[in-house]
Structures are given as structure tokens and as C-alpha cells.
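Each remark here refers to the structure printed beneath this line.
None of the values given here were measured: they were computed from a predicted structure. Only heavy atoms go into these numbers, but all of them, side chains included; no hydrogens, no water, no symmetry mates.
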Amino acid sequence: MESSERQVADGLTVVDGVVGTVLSGRIREQLLDADRHHRSEILIDSHRHLAPRLISSFSDVPLALDGMDPSRPWIPELADLREFVGLRFGLTFNYALANLYRDRSDFTGWHCDKAWLHEPGSTIAIVSFGATRTLAVRALGTDSTVRYPLSDSSVVLMSLPLQETHEHCVLAETEDVDMRLSITLRHIRILPEYLDDDRRCRRHHGVTTTERK
């Protein structure tokens, strides 16, 4: 597959047409399905809210990040994606977050990724499957927004320093769209609290929260 690369900002690169048809089809078959993911919570101004999308996660070792079910072992399709993207861009990953946007109203709000959670010098890779959705980016403290369409099989590369200067979101759409799956590949630090045996997961009305005993 022929790909085209756009360095759209310092620390942000969009590469279209990265993932081949066969691997893309395998991932769609496994994960472009609401039943494969779960509801989660996000923390906004010290208050918990339902995330406006479905998620699941995969990692080298089981991790219990706040608001989420414990991560699962890599399925073969994601293991192949991790290897493919890693070789294509010279990166390594030990964690994947899957976000399923079911329709036009699902979105991700403005945020910066937690740079401290990642291994220093690593790069975040966001791989898109399904419907095209819009990534919006703006410098912190400003309202000037730049928008980028994320098409099927595209990859976004984001540096950790970008998280200190900019925030981003995936916008809700004004017109009907099909489902979109994003796989965010990361190389995170395995912090003790994410492996702590005293940390337990509880479900409230189908939503997972994590807390210490």
C-alpha cells in the first residue's frame, strides 16, 4: 500500500494509507464491534463521568489503570499491528488502548496525554480503522484550532513534548458516520500501583472503577 506523510506540526505527523488491506481486515473483524469493548469513566474537575465512547486495552502484563477494566493480553491481530507499526517507524510499544466511536455523537474531549506515564523519548502512535473522523489540535491557552481528517489505515505520530504545549480531541460529527476504531500504541512506564495486588476493580451499572483497599 502506498502511503503519504504529512508533518502537520512540530511533534505531530499524519501518515495516510499505512496499514495494508489484509491486516486492516483482521483488526476490523476482531475489534470493530461494540461487544468487544466496555464503558469506562473519565475524571473531569475531580468528578467522574462516563466516557463518550467504548474502550478496551491490551498490554504485555495485566494493568489496572484508573477507570478501566484490567488490560488483556495482546490478541494476534494487535500483536501484528504493534510489530508492523514499530518496524515501519522504528518504535517500540508495550500497551494499546482501543477506542470505539459508535456513531457521530461519540467523541474524545480536549486533553493532553500524560507524558509522565510514558517511557522518556517514546512516541505515541494512533492507528485508525473504519470511518474518517476529525482530529483537532490547538496550543494550550488558545482557541485557534487546526483540524486533520483521520482516514482508514492512517497513523498519527505524536511526540511527548507536544503534550506539554498542545491539546487535542476527536470531534463529534454533525452528520451520521459509521463506526471508527482507533488503536493508540504506547510505550508506558509500568508503575507499581498498576500492578498492586491491593488494587481492585469494581463495576457500577456496567462501568468499571478502580480503587485501593
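- A salt bridge is defined here as a Lys NZ or Arg NE, NH1 or NH2 lying under 4.0 Å from an Asp or Glu carboxylate O, and Arg26 with Asp80 meets this definition.
- The minimum heavy-atom distance between Leu23 and Glu77, with the atom names listed, is CD1-O, 3.8 Å.
- Looking at His168, its side chain never comes within 3.5 Å of a backbone N or O of Gly109 through a donor-acceptor pair.
- Residues Phe129 and Val19 approach most closely at CE2-CG1, 4.0 Å, considering heavy atoms.
- Remark: side-chain polar atoms of Arg104 are paired, donor with acceptor, to backbone N or O of Thr174 under 3.5 angstrom.
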Exercise. Dump the intermediate steps for side-chain contact (heavy atoms from CB on, under 4.5 Å) on Tyr95 and Thr184, then the final yes or no.
Key: CA-CA 8 Å; Tyr95 182 83; Thr184 303; over 6 Å; no

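- Atom-to-atom distance recorded for Leu100:CG and Ser182:OG is 8.5 Å, nearest 0.5 angstrom.
- Under the side-chain contact (heavy atoms from CB on, under 4.5 Å) test applied with Ile124, the options Leu157, Leu162, Leu160 reduce to a single match, Leu160.
- Residues Leu63 and Ile190 meet the side-chain proximity criterion, which asks for heavy atoms closer than 4.5 Å.
- Under a hydrophobic-cluster definition in which Ile, Leu, Val, Met, Phe, Trp and Tyr are linked whenever side-chain heavy atoms come within less than 4.5 Å, directly or via other members, Val156 and Trp110 are assigned to different clusters.
- For the pair Arg133 and Asp178, the salt-bridge criterion is not met [side-chain N within less than 4.0 Å of a carboxylate O].
- The two residues Val155 and Phe89 come nearest to each other via the heavy atoms CG1-CE1, 4.0 Å.
- Judged purely by atom type and a 3.5 angstrom limit, Asn94 has no side-chain atom pairing as donor or acceptor with the backbone of Asp60.
- Contact check for His166 versus Leu140: no side-chain heavy atoms found under the 4.5 Å cut-off.
- Of all the heavy atoms in Pro73 and Phe58, the pair that sits closest is O-CD2, 3.4 Å.
- Inter-residue side-chain proximity for Ser128 and Arg180 is flagged as met; some heavy-atom pair is nearer than 4.5 Å.
- In terms of heavy-atom proximity, Leu181 sits nearest to Ala98 at CD1-CB, 4.2 Å.
- For Arg186 and Asp113, the salt-bridge test passes: some basic side-chain N is under 4.0 Å from an acidic carboxylate O.
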Practice problem: Would you please test Val85 and Phe93 for side-chain contact (heavy atoms from CB on, under 4.5 Å) and show each step? | Solution: CA-CA 9 Å; Val85 174; Phe93 308 105; 4.0 Å; yes

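- The distance from atom CG of Leu31 to atom CE of Met179, rounded to the nearest 0.5 Å, is 11.0 Å.
- For the pair Arg82 and Trp74, the cation-pi test (distance below 6.0 Å, angle within 45°) is passed.
- How far CG of Leu32 is from CD1 of Ile27: 10.5 Å, rounded to the nearest 0.5 Å.
- A distance of 9.0 Å separates CG in Leu185 from CG in Leu91, rounded to the nearest 0.5 Å.
- The backbone N or O of Thr134 sits nowhere less than 3.5 Å from a side-chain atom of Arg147 that would complete a donor-acceptor pair.
- The residues Arg138 and Glu167 are annotated as salt-bridged, a charged nitrogen and a carboxylate oxygen being separated by less than 4.0 angstrom.
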Quiz item: Between Asp152 and Thr132, does a side-chain contact (heavy atoms from CB on, under 4.5 Å) hold up when you go through it step by step?
Solution: CA-CA 6 Å; Asp152 179 66; Thr132 297; 5.9 Å; no

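- Using modelled atom types, one finds a donor on one side chain and an acceptor on the other under 3.5 Å when comparing Thr108 with Tyr101.
- Atom CD of Glu29 is separated from atom OG of Ser24 by 11.5 Å, given to the nearest 0.5 angstrom.
- The distance from atom CZ of Arg53 to atom CG of Asp106, rounded to the nearest 0.5 Å, is 8.5 Å.
- Using modelled atom types, no side-chain atom of Arg39 and backbone atom of Leu50 make a donor-acceptor pair closer than 3.5 Å.
- With hydrogens and angles disregarded, no donor-acceptor distance shorter than 3.5 Å links the side chain of Ser151 to the backbone of Pro149.
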Quiz item: Are Leu78 and Ile183 close enough, and set up right, to give a side-chain contact (heavy atoms from CB on, under 4.5 Å), and what steps lead you there?
Solution: CA-CA 9 Å; Leu78 285 186; Ile183 305 295; 4.0 Å; yes

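- In this structure, Phe107 is not a member of the same hydrophobic cluster as Leu135, with clusters built from ILVMFWY side-chain heavy atoms closer than 4.5 Å.
- His38 contributes a side-chain N or O that, together with a main-chain N or O of Ile55, makes up a donor-acceptor pair within less than 3.5 Å.
- Contact between Arg28 and Gly130 at its shortest, heavy atoms only, is NH2-N, 3.6 Å.
- Between the side chains of Ser71 and Ser57, not a single donor N or O lies within less than 3.5 Å of an accepting N or O.
- The ring of His118 has its center no closer than 6.0 angstrom to the ring center of His187.
- Under a hydrophobic clustering in which Ile, Leu, Val, Met, Phe, Trp and Tyr are joined whenever their side-chain heavy atoms come within less than 4.5 Å, directly or via other members, Leu81 and Ile75 fall into the same cluster.
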